[in-house]
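Note that the structure is predicted; figures quoted are calculated from it, not measured. Every chain is numbered from 1 and lettered A, B, ... according to where its sequence line falls, protein lines coming before strand lines.
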Protein chains: 2
Amino acid sequence: MRRHPTLAVQVRDRLRALIAERGLRPGDRLPSENELIALFEVGRTSIREALKLLEQEGVIQARHGDGRYLTSQPSLDRPLTRLEGVTEMLASRGHTADNTVLDITAAEPDRHQRELLQLPPGEAVVRLERLRRHEDDALLYSVDLFPRSLIARPLDEVDWTGSLFRLLAEHGHNVAYAVAQVRAVTLDETQAERVASPRDGAWLLLVQTHHDSAGRPLLYSEDYHRGTDFSFHLVRRRD
Amino acid sequence: MRRHPTLAVQVRDRLRALIAERGLRPGDRLPSENELIALFEVGRTSIREALKLLEQEGVIQARHGDGRYLTSQPSLDRPLTRLEGVTEMLASRGHTADNTVLDITAAEPDRHQRELLQLPPGEAVVRLERLRRHEDDALLYSVDLFPRSLIARPLDEVDWTGSLFRLLAEHGHNVAYAVAQVRAVTLDETQAERVASPRDGAWLLLVQTHHDSAGRPLLYSEDYHRGTDFSFHLVRRRD
DNA sequence: GATGGGCACTCGTCAGACAAGCGTCAATAC
DNA sequence: GTATTGACGCTTGTCTGACGAGTGCCCATC
């Protein structure tokens, strides 16, 4: 990761703060480049590069010869595009769920698992099955898979009730992004039994492969969120 | 919208093409700024601004004094973050569904609808209810609301089976983005009856408010996607 | 009153200069 | 012979000056 942020990135963030301080709204005009040069006491290049970043983010729009204007910009707290682990997400929503470890095993991966996690021959996979409950109601059922080698400790010496992201990070593996699939499902017979929940409800299933910043797959997870308790938000844009 | 793209944006896109042509992979080094200046025959400013945009997108990473390197960058075709109308989405998935208009009415909006669509007093709202089927199976049930004034024609003279986005655009209203909520639901009794579908399946519900680029709300929609037929993909990033 | 031209201002692009940082190679010291 | 340090070449980061392209406003002319 970058040692420290460049001036352009810093100026971009200072521009954001300026927009907020001045209470600028969609359609309002930003100070000109020369005004910003004087205000921020940096060179024009740094100003321009910062402004270009804001423009790419859709925050502002430049009109050649005229100036730069605020666009309308929806903002969401914790959108679905922001990756957070299940533990983190539940905490942010004030869900006081207790986390039960249903199963934790290391085994030889099947071919699908080996491909998913890009495992070398001979490498075992850990399967972690957990259930979050609130007052006897199942809220969230999770099945996680990750390479055995990532956690260099005996499985029975690890506390599996906390955040997997944090656990991986403690062992030097930082999750950077996930490729996610979103589906609506009902539980199959086995799952309904594990979860002790009726089969007729809808669950929002997030199937994700989590990677570090170099693209290495660290974790595969299937998270079943009970439909009556969970929804997610995001902004979608036309191209 | 901008009259024509700036050089920086064009160079950014040419850099993308260059990366693809050369088959550059994560960890590979990009040509230096001076090499790119000669290659693209533009000034250093345009190169730098373009590179900064790619860096913000997470495509590359700059190391001061060393060079710029490709990062790992998952790519998805048509991610959920890309907004497309239901008609468009179905077509892209090769769903040959016939579209039935169950209901089309203009009425006085309730308070919720008025707030959602920021309607002035006296402005009516149009409610459009449609069902997409494939061989008698309901695939997608939609309810759309939009200000009556957006379509300056009698309702019975409009073909409601096609794309709403296209229809709005034909009347000068371009959808730019939507704020979306994703949920897993089962159909209620009324809906199951409308849809002629059993009540026990799971449906992926997308509730969206669509806006033009100035932030004006154009359309509110509830789209129920049958769980066994639809899933969506997206990339999620840690902050 | 309407239209056209000029001017001031703004963003877009190029070029030159210097600072900050990185990696490699050669020289020196142990 | 090996390890450390310094110099050099190269790269990115930042500043500055200059000119081109475009916009909007004001004034003059018809």
J.: For A:L53, is there any backbone N or O sitting under 3.5 Å from a side-chain donor or acceptor partner on A:Q56?
T.: no
J.: Sub-3.5 Å donor-acceptor pair from the side chain of B:E49 to the main-chain atoms of B:S46, do we have one?
T.: no
J.: What I want to find out is whether A:D28 reaches A:R22 closely enough, with some N-O distance under 4.0 Å, to be called a salt bridge.
T.: no
J.: Could you check how far CZ of B:F40 sits from P of C:dC14, rounded to whole Å?
T.: 13 Å
J.: Calculate the interatomic distance between B:L7 atom CG and C:dC14 atom C1'; express it in whole Å.
T.: 10 Å
J.: For B:R114, is there any backbone N or O sitting under 3.5 Å from a side-chain donor or acceptor partner on B:R111?
T.: no
J.: I'd like to know if A:E55 and A:R12 make a salt bridge, using a cut-off of under 4.0 Å between side-chain N and carboxylate O.
T.: no
J.: Assign the ring pair B:F232 / B:H225 to parallel, tilted or perpendicular, where the plane angle (0 to 90°) is split at 30° and 60°.
T.: perpendicular
J.: Expressed in angstrom and rounded to an integer, what is the separation of B:R63 atom CZ from D:dG13 atom P?
T.: 12 Å
J.: Within the structure, does a side-chain N or O atom of B:R68 lie under 4.0 Å from either OP1 or OP2 of D:dT12?
T.: yes
J.: Which parts of residues 10-35 of chain B get close to DNA chain D, meaning a heavy atom less than 4.0 angstrom away?
T.: B:R29, B:S32, B:E33
J.: Taking atom P of D:dG20 as reference, at what distance in whole Å does atom NE2 of A:H64 sit?
T.: 13 Å
J.: Please check the phosphate of C:dC14 (OP1 and OP2 only) for any side-chain N or O of B:S46 closer than 4.0 Å.
T.: yes
J.: Do A:E88 and A:S163 have side-chain N/O donor and acceptor atoms under 3.5 Å apart?
T.: no
J.: Is it true that A:R68 and A:E33 have a side-chain N and a carboxylate O under 4.0 angstrom from each other?
T.: yes
J.: Any idea which of D:dC15, C:dC11, C:dG23 is nearest the A:R48 side chain?
T.: C:dC11
J.: When the distance from OH of A:Y69 to P of C:dC9 is rounded to whole Å, what number comes out?
T.: 15 Å
J.: Given C:dC22, D:dG13, D:dA18, identify the nucleotide with an atom nearest to the side chain of A:R44.
T.: D:dA18
J.: Touch check for A:T45, heavy atoms < 4.0 angstrom, all strands: base, sugar-phosphate only, or nothing?
T.: base
J.: Which whole-number value in Å describes the distance from B:I47 CD1 to C:dT13 C1'?
T.: 12 Å
J.: For the pair made of CD1 in B:I37 and P in C:dT13, what is the distance, rounded to whole Å?
T.: 14 Å
J.: Using a cut-off of 4.0 Å on non-hydrogen atoms, how would the nucleic acid contact of B:G43 be classed: base, sugar-phosphate, or nothing?
T.: sugar-phosphate
J.: Rounded to the nearest Å, what distance is computed from the CD atom of residue A:E49 to the C1' atom of nucleotide C:dG12?
T.: 14 Å
J.: Quick one: bend of the helix from C:dG1-D:dC30 to C:dC30-D:dG1 from 5 pairs per end, to 10°?
T.: 10°
J.: Should A:R16 and A:E57 count as an ion pair when the cut-off is N to O under 4.0 Å?
T.: yes
J.: Go nucleotide by nucleotide along DNA chain D from the 5' end; which of A:G65 and B:L51 gets its closest nucleotide reached first?
T.: B:L51
J.: Do A:H173 and A:F146 have ring centres separated by under 6.0 Å?
T.: no
J.: Can you identify which nucleotide, out of D:dG24, C:dC14, D:dG13, has its nearest atom closest to the B:V42 side chain?
T.: C:dC14
